[in-house]
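Only one structure is covered here, and it is reproduced in the block below.
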Amino acid sequence: QVQLVESGGGLVHPGESLRLSCTASGSIPVHGNIGWFRQAPGKEREGVSCIRNGDGTTDYVDSVKGRFTISRDSAKNTVYLQMDDLKPEDTAVYYCASVYAASVPPKCILRPKDNNWGQGTQVTVAS
């Protein structure tokens, strides 16, 4: 199976930005519908954003709307999560994963297709 690899996390102050990247190992491009999830210590994994294959339809959890932007660069075989105006509550390990999608209406669904999680990338927002 394809192993997705996350990168781009780090330690930032509130209000700053990070851009996370999701790539596929084994010289296989990131394919299909992709979602970003996050998990903080003691909390359940939470869907953050997703992007639908083909038409690029996106969705976001309410807490990040207006601050985060998911995108796909087909030439680089990469899915990004641009995170602006980061808040302490955004602190978590971030993962990307294949997700489901619907066609009527076209949308992605923030639900992982499997539990083949990668290492994730740590995002810490603190003063």
Side-chain angles (χ1 to χ4, degrees):
Q1 286 188 307
V2 175
Q3 178 67 57
L4 298 179
V5 180
E6 305 88 350
S7 63
L11 173 62
V12 297
H13 296 119
E16 295 182 339
S17 299
L18 285 171
R19 188 180 72 169
L20 307 184
S21 298
C22 176
T23 59
S25 63
S27 298
I28 300 174
V30 175
H31 181 71
N33 316 293
I34 300 296
W36 283 97
F37 299 78
R38 64 187 181 187
Q39 186 169 28
K43 298 182 179 179
E44 296 184 355
R45 199 186 309 271
E46 173 190 33
V48 177
S49 182
C50 58
I51 185 166
R52 187 179 184 273
N53 183 56
D55 64 4
T57 301
T58 61
D59 198 12
Y60 302 88
V61 67
D62 287 344
S63 61
V64 309
K65 287 181 178 177
R67 299 190 297 119
F68 290 11
T69 304
I70 189 170
S71 63
R72 185 194 304 269
D73 187 334
S74 296
K76 295 183 177 180
N77 300 314
T78 303
V79 172
Y80 300 101
L81 184 67
Q82 177 68 41
M83 306 185 296
D84 297 322
D85 191 25
L86 282 161
K87 304 177 182 297
E89 52 263 42
D90 296 318
T91 296
V93 178
Y94 283 70
Y95 305 87
C96 58
S98 296
V99 299
Y100 293 96
S103 59
V104 183
K107 63 178 181 180
C108 58
I109 301 171
L110 269 170
R111 172 168 151 244
K113 295 183 70 176
D114 56 47
N115 287 312
N116 187 29
W117 303 102
Q119 294 296 309
T121 185
Q122 176 72 51
V123 172
T124 302
V125 186
S127 299

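This one's a predicted model, so the numbers in the text were calculated from it and none came from an experiment.
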Quick one: do [X] and [Y] end up in the same hydrophobic cluster if we chain Ile, Leu, Val, Met, Phe, Trp and Tyr together by side-chain heavy atoms under 4.5 Å apart?
X: Val93; Y: Leu110; answer: yes
X: Met83; Y: Val125; answer: yes
X: Val48; Y: Leu18; answer: yes

Would Lys87 and Asp90 pass as an ion pair if we require N to O under 4.0 Å? no

Between [X] (side chain) and [Y] (backbone), is there a donor-acceptor pair under 3.5 Å?
X: Ser21; Y: Tyr80; answer: no
X: Arg52; Y: Ala101; answer: no
X: Asn33; Y: Asn53; answer: yes

Nearest-0.5 Å distance, [atom1] of residue [X] to [atom2] of residue [Y]:
X: Glu89; Y: Arg38; atom1: CD; atom2: CZ; value: 8.0 Å
X: Thr58; Y: Lys65; atom1: OG1; atom2: NZ; value: 10.0 Å
X: Cys50; Y: Ile109; atom1: SG; atom2: CD1; value: 8.0 Å
X: Arg19; Y: Gln82; atom1: CZ; atom2: CD; value: 7.0 Å

Heavy-atom pair of closest approach, residues [X] and [Y]:
X: Ser49; Y: Leu81; result: CB-CD1, 4.1 Å
X: Ala92; Y: Ala40; result: CB-N, 3.8 Å
X: Ser127; Y: His13; result: O-CD2, 3.8 Å
X: Tyr95; Y: Gly118; result: CE2-O, 3.4 Å
X: Pro112; Y: Tyr100; result: O-CE1, 3.6 Å

Glu16 atom CD: more than 12 heavy-atom contacts under 6.0 Å: yes

Please verify the inter-ring angle class for Tyr94 with Phe68; under 30° counts as parallel, over 60° as perpendicular, anything in between as tilted. tilted

Quick one: do Thr91 and Gln122 satisfy side chain to side chain contact (heavy atoms under 4.5 Å, CB included)? Show the steps, please. CA-CA 8 Å; Thr91 296; Gln122 176 72 51; 4.1 Å; yes

Is it true that the NZ or CZ of Arg45 lies under 6.0 Å from the centre of Phe37's six-membered ring and within 45 degrees of the ring axis? no

Applying the side chain to side chain contact (heavy atoms under 4.5 Å, CB included) test to Leu4, which of Val79, Asn116, Thr23, Ile34 qualifies? Ile34

Identified side chain to side chain contact (heavy atoms under 4.5 Å, CB included) partner of Trp36 from the options Val64, Val61, Ile51, Ile70: Ile70

Walk me through whether Glu6 and Leu20 qualify under side chain to side chain contact (heavy atoms under 4.5 Å, CB included). CA-CA 7 Å; Glu6 305 88 350; Leu20 307 184; over 6 Å; no

